[in-house]
Amino acid sequence: MGASAIRMRATHGKCLDEVAKHCVDFATVRAKYHSPAHPPLENTLTMRNQWKPVSFALGSLWVATLTAAVVMSLPDGLRSDAMADQTTPRAGAIDPGQGLNTAQDLSASFRTVAEAMRPSVVSVSSKTTAKAVASRLPPGLRSQLPPGFEKYFEDPSQGGRQMPEREGQGSGVIVREDGYILTNNHVVEDADEVYVELSDDRRLEAEVVGTDPETDLAVLKVEADNLRAIAFGDSDAIQVGDWVLAIGSPFGLDQTVTAGIISGKNRNRRIVNNGNGFEDFLQTDAAINPGNSGGPLVNLRGELVGINTAILSRSGASAGIGFAIPVSLARPVLTSIIEYGQVRRGFLGAQVRDVTPELVEEMGLKVNDGALIQGVLDKQPAANANLQPGDVVVSVDGKKVRSSSQLVNYIASRPPGASVSMVINRDGETLTKTVNLQERTSEAMAMFNGGSVLGAKLEPITPESAQRYGYAGMDSGLIVVSVEDGGIADESGLLAGDVIESAGGNAVSSVTALQAIITEAKRQGIPLRLIIRRGNTRMIVPLQ
């Protein structure tokens with residue numbers, strides 16, 4: 001028998017002795033007040049008052065005796081814990097105090113949110129049938145491949161190798177009770193079959209309503225009753241340090257919940273759509289692993305603030321850095337796909353870049369934050385609103401602009417035809433401009449891209465290409481990348497590295513604009529002259 005048990009039994013014995021002693025005292029009192037020699041009591045209240053201390057003592061001792069007896073009947077392990085709870089904390093022990101209550105409240109919040117989110121979170125599985133491998137390298141480079149690698153670049157038209165059937169696994173979240181589900185594009189990309197599994201174990205075939213590689217989002221649709229849609233939160237309002245939960249099916253383990261905080265906002269990693277997508281990631285340390293893609297990131301009110309998308313890891317598993325597409329970026333995509341079957345985006349018609357300390361010093365800007373307009377396309381929304389190269393957009397529709405990607409993302413989130421209010425800084429003067437957006441189409445975007453005209457490959461000049469060719473402070477025009485032998489550009493004397501500033505007296509900032517000027521000059525049968533910059537010299541070049 002342990003020493004603690006011996007002490008407990010000794011205590012138990014003492015309690016019984018005390019009870020016996022007081023029972024004798026009570027008998028003595030009772031005999032005294034009921035003996036024939038003793039006169040009757042005059043006051044009943046006095047008797048009741050004399051009974052109170054005796055009754056209290058008997059009751060307390062009886063409860064103590066029963067408690068001791070129950071504890072002694074417990075198994076050794078539980079008896080030790082019960083005794084420890086009744087003793088003074090050991091030296092060095094910490095009293096959790098209010099901190100324990102706070103932790104328990106947080107734990108209760110996690111449980112509540114996790115339980116409430118279960119019906120809204122789904123597992124997504126996809127299957128892609130076998131496909132032929134497309135040729136990926138020019139013939140001249142294929143011969144340089146290591147032995148055995150040729151099979152990965154075979155031309156399917158020549159009987160190329162068939163890729164085996166693939167299966168994918170991810171997550172999704174129900175966003176409307178009529179069956180619409182939001183997930184990642186890469187979860188269902190090129191899939192021939194898509195299925196979702198609900199929290200009640202229903203497995204349903206899903207229709208891919210639409211995808212958007214530029215944000216890595218996709219919308220699915222299932223036909224089912226009793227679906228619970230998640231509530232949308234405000235990803236713009238969430239702050240670094242706020243608690244969030246990531247829910248999904250990592251490694252196929254459905255309804256997995258991990259907790260963390262928002263570690264950062266407005267992250268741009270250039271990982272979506274080969275670096276050409278729209279990114280404004282929320283960063284979190286809530287564990288995100290393969291299979292979490294497409295699942296919800298929620299706040300402690302159970303509101304959707306992001307779609308879990310990617311991780312930064314060298315091992316392929318969570319390293320404490322995960323990225324989620326914010327709801328502010330995802331919701332317009334969802335709405336557009338449901339309404340049109342595709343994403344329709346606003347188009348500004350201007351090239352923008354971040355305002356950096358180096359740029360502030362180089363250009364003498366009067367503000368330290370915002371998006372610098374470095375080029376404006378003719379007859380496009382920015383030009384129509386009289387925005388000019390060198391303007392700095394500091395806010396749009398009342399939202400402060402801190403980077404060029406933030407402005408681009410916001411413009412793209414607005415539908416074609418929408419009007420946005422921009423506050424700009426122009427040489428220290430604050431101006432407000434209303435811009436009526438057009439639709440962002442492939443034709444519209446082609447105006448930003450390079451192309452071949454007159455036998456020369458041309459590209460809109462950028463700060464990087466201007467620096468590469470030695471043009472300090474030049475932010476508009478078309479740079480000549482290469483010239484074909486015997487072409488009009490070659491015969492007119494254009495050289496690689498020249499910058500075409502204007503044609504026929506009109507400034508040019510896109511290949512499309514230059515081509516339109518050339519076409520009009522031909523129609524009218526008039527000669528066309530180019531103003532070009534070559535090194536430190538500005539020259540007139542008549543087209544031959």
Side-chain angles (χ1 to χ4, degrees), residues 234-242 261-272 275-284 321 323 325-326 328-329 346-377 380-383 385-414 419-435 437 448 460-468 470-477 509:
D234 187 351
S235 56
D236 291 335
I238 201 165
Q239 299 296 317
V240 173
D242 287 349
I261 63 170
I262 295 295
S263 307
K265 297 181 65 176
N266 308 122
R267 302 300 197 202
N268 190 324
R269 301 295 303 175
R270 299 187 64 81
I271 57 178
V272 174
N276 298 313
F278 298 98
E279 296 183 12
D280 192 27
F281 289 128
L282 298 174
Q283 180 185 333
T284 179
I321 298 179
F323 300 105
I325 301 168
S328 60
L329 192 59
F347 179 69
L348 179 62
Q351 294 171 304
V352 296
R353 62 178 299 190
D354 291 342
V355 172
T356 63
E358 295 77 15
L359 202 59
V360 169
E361 181 177 356
E362 177 185 336
M363 298 186 63
L365 301 179
K366 307 303 181 183
V367 291
N368 297 318
D369 288 310
L372 174 70
I373 301 227
Q374 68 175 27
V376 176
L377 297 178
Q380 298 302 313
N386 195 30
L387 293 179
Q388 300 175 9
D391 290 346
V392 178
V393 181
V394 296
S395 73
V396 55
D397 286 345
K399 301 177 184 292
K400 183 176 177 60
V401 174
R402 295 183 173 84
S403 67
S404 59
S405 62
Q406 183 183 356
L407 176 61
V408 169
N409 291 342
Y410 184 79
I411 295 299
S413 72
R414 306 297 296 152
S419 295
V420 297
S421 176
M422 290 186 177
V423 176
I424 65 170
N425 186 283
R426 179 179 295 168
D427 298 325
E429 182 182 2
T430 299
L431 304 173
T432 300
K433 300 290 185 179
T434 299
V435 184
L437 304 179
F448 288 118
I461 196 165
T462 65
E464 292 75 21
S465 62
Q467 182 178 8
R468 184 166 63 249
Y471 295 106
M474 180 171 286
D475 54 13
S476 64
S509 56

First locate atom [atom1] of [X], then atom [atom2] of [Y], and finally report the distance between them rounded to the nearest 0.5 Å.
{"X": "S235", "Y": "F281", "atom1": "OG", "atom2": "CZ", "value": "13.0 Å"}
{"X": "I238", "Y": "I262", "atom1": "CD1", "atom2": "CD1", "value": "4.0 Å"}
{"X": "I424", "Y": "I373", "atom1": "CD1", "atom2": "CD1", "value": "7.0 Å"}
{"X": "R269", "Y": "I321", "atom1": "CZ", "atom2": "CD1", "value": "8.0 Å"}
{"X": "D280", "Y": "N409", "atom1": "CG", "atom2": "CG", "value": "5.5 Å"}
{"X": "L329", "Y": "L282", "atom1": "CG", "atom2": "CG", "value": "10.0 Å"}

Smallest separation among heavy atoms of [X] and [Y], with atom names:
{"X": "A385", "Y": "K433", "value": "O-CD, 3.4 Å"}
{"X": "I261", "Y": "G241", "value": "CG2-O, 3.7 Å"}
{"X": "K366", "Y": "D427", "value": "CG-C, 3.8 Å"}
{"X": "P389", "Y": "Q374", "value": "CB-O, 4.0 Å"}
{"X": "M422", "Y": "L407", "value": "CE-CD1, 4.1 Å"}
{"X": "A371", "Y": "V352", "value": "CB-CB, 4.5 Å"}

Partners passing side-chain contact (heavy atoms from CB on, under 4.5 Å) against [X] (at least two apart in sequence or in another chain):
{"X": "S395", "answer": "V423"}
{"X": "A412", "answer": "F278, R345"}
{"X": "D369", "answer": "K400"}

With heavy-atom distances below 4.5 Å as the criterion, would you say the side chains of [X] and [Y] are in contact?
{"X": "V272", "Y": "F323", "answer": "no"}
{"X": "L372", "Y": "S404", "answer": "no"}
{"X": "V401", "Y": "V394", "answer": "no"}
{"X": "V376", "Y": "Q388", "answer": "no"}

Evaluate R402 against N266 for side-chain contact (heavy atoms from CB on, under 4.5 Å), listing each step before the verdict.
CA-CA 9 Å; R402 295 183 173 84; N266 308 122; 5.5 Å; no
Give a yes or no on whether the backbone of [Y] and the side-chain of [X] come within a donor-acceptor separation of less than 3.5 Å.
{"X": "D391", "Y": "R426", "answer": "no"}
{"X": "N425", "Y": "T430", "answer": "no"}
{"X": "Q239", "Y": "A237", "answer": "yes"}

So does D236 pair up with K399, basic N to acidic O under 4.0 Å?
yes
Assess whether side-chain hydrogen bond (donor to acceptor under 3.5 Å, both in side chains) is satisfied between S419 and T434, documenting all intermediate values.
CA-CA 7 Å; S419 295; T434 299; over 6 Å; no
